[in-house]
Amino acid sequence: MNQDQLKQLVGEAARDEVLKLPAGQVLGVGTGSTANCFIDALAPFKSHFSGTVSSSNATTERLLKHGFTVLDPNEVTQLPAYVDGADEIDPFGNMIKGGGGALTREKIIASMAQQFICICDASKQVPVLGAFALPVEIIPLAKGVVSRELEKLGGRVSLRLSKQTRSDLEQTPSQAFVTDNGGWILDVAGLKISDPAALESHINQIAGVITVGLFAKEKADVLLVSNASGVSRLTF
Ligand code: 5RP
């Protein structure tokens with residue numbers, strides 16, 4: 001089974017998981033290729049939910065295309081579950097997220113939800129977080145000062161650039177990737193994150209940081225993880 005098939009498999013397992021929730025509630029929906037598989041699998045059953053809250057413009061667009069109702073998070077007071085992928089997840093349910101740049105809204109929606117259902121293939125499971133460069137969303141004018149603070153932690157910091165085609169690059173120099181919130185992303189490589197909760201708190205305190213892509217306070221409650229022999233369900 002290739003990685004796309006594993007994502008599809010876990011997307012279908014997540015559909016079955018959320019359809020066990022009582023009907024008529026709102027569902028939080030994440031961002032990325034695995035979350036997309038979940039959205040596509042859930043689409044025929046959308047009437048089970050009164051609406052969704054979305055973690056990015058890309059997810060909103062996909063949900064609307066399938067005919068889901070997308071609500072403003074400010075209108076929602078009860079969110080039984082949030083379903084999203086991860087870039088890495090450790091044996092305790094702590095995660096690195098933000099590979100797709102949607103970490104801030106993902107963390108907001110996760111904080112509203114009673115349970116975070118993480119969906120991924122087994123390649124995302126790691127003993128210690130940090131092989132995947134840690135995304136940190138920042139206010140653009142704070143790039144210099146935040147980069148220096150992150151370097152003090154031992155990381156190698158790079159500004160995420162927007163994906164450009166070769167012909168774009170010939171005409172204009174590389175430009176910063178801009179998030180849905182108008183922020184920039186610093187990717188911090190080379191960290192070995194033995195205490196995710198402490199590092200999350202520390203980075204949150206740096207002036208100019210909008211959100212760090214460490215999800216320790218908002219860690220997974222349930223993990224659905226696919227490999228060649230099927231989908232396993234873990235709880236934390
Ligand atoms: C986006 C995310 C994604 O959940 C994460 O990057 C995993 O994406 P994919 O399912 O495409 O591997 O955090 O900001």
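For the numbers below, each heavy atom of this structure counts, side chains included, while hydrogens, waters and symmetry mates do not. One-based numbering, in listed order, for ligands and for the atoms of each.
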Subject >> Nearest heavy-atom neighbours spanning Phe215 and Ala110 >> reply: CE2-CB, 4.5 Å
Subject >> Sub-4.0 Å heavy-atom environment of ligand 1, residues by chain >> reply: Thr31, Gly32, Ser33, Thr34, Asp84, Gly85, Ala86, Asp87, Lys97, Gly98, Gly99, Gly100, Gly101, Ala102, Glu106, Lys124
Subject >> salt bridge (charged side-chain N to carboxylate O under 4.0 Å, His left out) partners of Lys107, counting only residues at least two apart >> reply: Glu200
Without placing hydrogens or testing angles, list every side-chain donor-acceptor pair under 3.5 Å for residues 183-193, not counting sequence neighbours.
unit_1: Asp187; atom_1: OD1; unit_2: Arg160; atom_2: NH2; d: 2.8
unit_1: Asp187; atom_1: OD2; unit_2: Arg160; atom_2: NE; d: 3.0

Original post:
Is there a donor-acceptor contact under 3.5 Å from the side chain of Glu12 to the main chain of Leu9?
Top reply: no
**OP:** Would you confirm whether Thr59, through its side chain, and Ser56, through its main-chain N or O, come within 3.5 Å as a donor-acceptor pair?
**Re:** no
Between side-chain atoms of residues 118-134 and protein atoms elsewhere (two or more places apart, or another chain), which donor-acceptor pairs fall under 3.5 Å?
unit_1: Asp121; atom_1: OD1; unit_2: Ser123; atom_2: N; d: 3.0
unit_1: Asp121; atom_1: OD1; unit_2: Ser123; atom_2: OG; d: 2.4
unit_1: Asp121; atom_1: OD2; unit_2: Gln3; atom_2: NE2; d: 3.1
unit_1: Ser123; atom_1: OG; unit_2: Gln3; atom_2: NE2; d: 3.4
unit_1: Lys124; atom_1: NZ; unit_2: Ala86; atom_2: O; d: 2.9

